[in-house]
Number of protein chains: 2
Amino acid sequence: MMGTAPTAAPASVTEKLATIGFGLTPQRHQVYQVLLDRPDHPTAEEVFFRAKETRPEISLATVYNCLDALVRCGLVNQVNVDRSATRFCPNMREHTHFFCEGCGGIFDLDLTAADALGGLEMPRGFKAMHLELSVRGLCRDCISRQTG
Amino acid sequence: MMGTAPTAAPASVTEKLATIGFGLTPQRHQVYQVLLDRPDHPTAEEVFFRAKETRPEISLATVYNCLDALVRCGLVNQVNVDRSATRFCPNMREHTHFFCEGCGGIFDLDLTAADALGGLEMPRGFKAMHLELSVRGLCRDCISRQTG
DNA sequence: CTATATGCAAATAGTTTGCCTGTTA
DNA sequence: TAACAGGCAAACTATTTGCATATAG
């Protein structure tokens with residue numbers, strides 16, 4: 001049930017998946033491609049609908065499995081906003097997320113938490129390993145919609 | 001079905017609830033008290049079990065409703081860690097959460113994101129309204145457990 | 001031929017809602 | 001006795017899992 005192998009799978013994707021003992025299947029390729037095509041941080045369900053345009057037989061469970069594999073092998077990041085559905089992001093550069101309170105959009109900002117937080121000291125005894133910074137506010141469009 | 005009114009309800013709690021048109025019921029008081037008693041960021045279910053020790057008849061749905069009221073009126077903060085159950089925090093000072101990867105504990109750090117991020121500039125057109133900073137790492141106990 | 005992965009459907013976790021009843025002002 | 005709230009159970013959403021089948025190597 002694996003269909004045809006993708007014609008031009010970037011070696012790195014295959015290699016990345018191999019690091020967790022997984023192969024590159026057409027579905028995994030398709031799911032990753034959907035994320036690359038429009039990096040607007042879709043939910044699993046949104047990925048499912050977009051992937052179906054190309055592979056109508058793909059199932060939601062498979063999309064979840066593929067996303068999980070892509071996350072585990074380091075090709076994709078998960079973005080959790082409150083309790084709503086997890087969103088997915090193929091941008092693996094360290095960056096900050098901007099959540100627009102107006103339209104609900106998520107934008108990538110080229111800010112690293114580490115840069116911004118250079119002077120930050122942890123309390124004695126705590127060891128910080130990963131800083132995560134998120135920003136809420138209004139995006140360009142929502143601001144002009146408000147003022148205009 | 002409201003039982004006995006709490007003997008010494010701080011006026012501020014009553015007032016806060018009033019701002020959203022809600023009264024202070026014994027259950028709401030109890031749920032808030034549970035959070036104050038041990039500010040270890042329990043889940044709704046954990047709050048439920050602790051509240052039952054004092055009011056065995058309280059229901060989980062009521063705990064959810066009470067927590068929701070407390071959050072909406074500004075007495076309690078929600079803390080979302082990945083997809084796991086929402087945790088609750090009665091500390092309304094601006095602060096940063098430290099997530100221990102060792103024990104899963106959540107600790108309040110007296111760091112404000114705003115202080116740390118004074119120099120941060122948003123891309124042109126974006127308006128930052130709320131910065132949220134979270135830190136992952138190892139807490140004191142987990143470090144000594146590792147080394148020791 | 002065998003390991004791996006898919007698709008489907010059922011299960012699960014966390015949370016919310018509807019409805020009826022009880023309590024308080 | 002009206003308005004508000006609680007308790008219970010059912011509903012709901014997002015996600016995961018079990019299982020039979022299909023495919024690639």
Side-chain angles (χ1 to χ4, degrees), chain A residues 1-7 9 13-14 17-32 41-49 51-52 54-73 76 78-88, chain B residues 1-7 9 13-14 17-32 34 41-49 51-52 54-73 76 78-88 104:
Chain A
M1 200 176 273
M2 289 188 202
T4 319
T7 39
V13 176
T14 309
L17 282 165
T19 63
I20 56 164
F22 280 41
L24 176 59
T25 65
Q27 287 84 345
R28 287 174 190 155
H29 181 258
Q30 176 66 32
V31 163
Y32 187 51
H41 306 82
T43 63
E45 200 175 36
E46 282 160 356
V47 171
F48 171 57
F49 288 128
K52 279 227 284 206
T54 305
R55 318 195 115 259
E57 78 288 1
I58 201 171
S59 77
L60 181 55
T62 295
V63 169
Y64 272 106
N65 288 334
C66 291
L67 287 168
D68 184 56
L70 292 167
V71 167
R72 296 222 318 271
C73 79
V76 165
Q78 283 180 302
V79 184
N80 287 298
V81 195
D82 303 324
R83 298 251 86 222
S84 58
T86 302
R87 294 169 173 279
F88 298 87
Chain B
M1 198 176 273
M2 289 186 198
T4 319
T7 39
V13 177
T14 310
L17 282 165
T19 63
I20 56 164
F22 280 42
L24 176 60
T25 65
Q27 286 83 348
R28 286 174 191 155
H29 181 257
Q30 176 67 31
V31 164
Y32 187 51
V34 162
H41 307 80
T43 63
E45 200 175 35
E46 282 161 354
V47 171
F48 172 58
F49 289 128
K52 280 227 285 205
T54 305
R55 320 195 115 258
E57 79 288 0
I58 202 171
S59 77
L60 181 55
T62 295
V63 168
Y64 272 106
N65 288 334
C66 291
L67 288 168
D68 185 56
L70 292 167
V71 167
R72 297 223 318 272
C73 79
V76 165
Q78 282 179 303
V79 185
N80 288 297
V81 194
D82 303 325
R83 297 253 86 221
S84 58
T86 303
R87 293 168 175 278
F88 298 86

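What you see below is based on every heavy atom in this structure, not just the backbone, and it leaves out hydrogens, waters and symmetry mates. Just so we're on the same page: letters track the sequence lines, and every chain starts at 1.
Salt-bridge check for A:Glu57 with A:Lys52: failed, with every basic side-chain N at 4.0 Å or more from each acidic carboxylate O.
Rounded to an integer number of Å, the gap from CG of A:Leu17 to P of C:dT4 is 14 Å. In this structure, CZ of B:Phe22 is placed 16 Å from P of D:dA3, rounded to the nearest angstrom. Atom pair B:Asn80:CG and D:dA14:P shows a separation of 14 Å (rounding to whole Å applied). Nucleotide C:dT15 holds its P atom 16 Å from the CZ atom of B:Arg72, rounded to whole Å. In this structure, the CG atom of A:Leu60 is 9 Å from the C1' atom of D:dT15, given to the nearest Å. One atom, CG of A:Leu67, and another, P of C:dT6, lie 12 Å apart when rounded to the nearest Å. Distance CD (A:Glu45) to P (D:dT15): 9 Å, rounded to an integer number of Å. One interatomic measurement links the two molecules: CZ of A:Arg28 to P of C:dT4, which rounds to 11 Å at whole-angstrom precision.
Applying the 4.0 Å criterion to OP1 and OP2 of C:dT15, one finds that B:Thr86 has a side-chain N or O inside that range. The shortest distance between the side-chain N/O atoms of A:Arg83 and the OP1/OP2 oxygens of D:dT13 is not below 4.0 Å. In terms of phosphate contacts, B:Tyr64 brings a side-chain nitrogen or oxygen within less than 4.0 Å of OP1 or OP2 of C:dT15. Contact between the side-chain N/O atoms of A:Thr62 and the OP1/OP2 oxygens of C:dT6 is not found at any separation under 4.0 Å. Taking side-chain N and O atoms only, B:Thr25 has no distance below 4.0 Å to OP1 or OP2 of D:dC4.
Taking the side chain as every heavy atom from C-beta outward, A:Phe22 and A:Arg28 approach each other to under 4.5 Å. Taking 4.5 Å as the limit, some side-chain heavy atom of A:Phe48 sits within range of a side-chain heavy atom of A:Ile58.
Of all the heavy atoms in B:Phe88 and B:Ala44, the pair that sits closest is CE1-N, 3.9 Å.
Here D:dG7 is the nucleotide among D:dG7, C:dT15, C:dA9 with the atom lying nearest to any side-chain atom of B:Ile58. In the set C:dT15, C:dC8, D:dG7, D:dG7 carries the atom at the smallest distance from any side-chain atom of B:Glu57.
At a threshold of 4.0 angstrom between heavy atoms, the contacts of A:Thr43 with the nucleic acid are absent. Heavy atoms of B:Asp68 sit nowhere under 4.0 angstrom from any nucleic acid atom.
Heavy-atom distances to DNA chain D give each of A:Ala61 and B:Asn65 a nearest nucleotide, and the one nearer the 5′ end belongs to B:Asn65.
Atom-to-atom distance recorded for A:Asp82:CG and B:Gln78:CD is 7.5 Å, nearest 0.5 angstrom.
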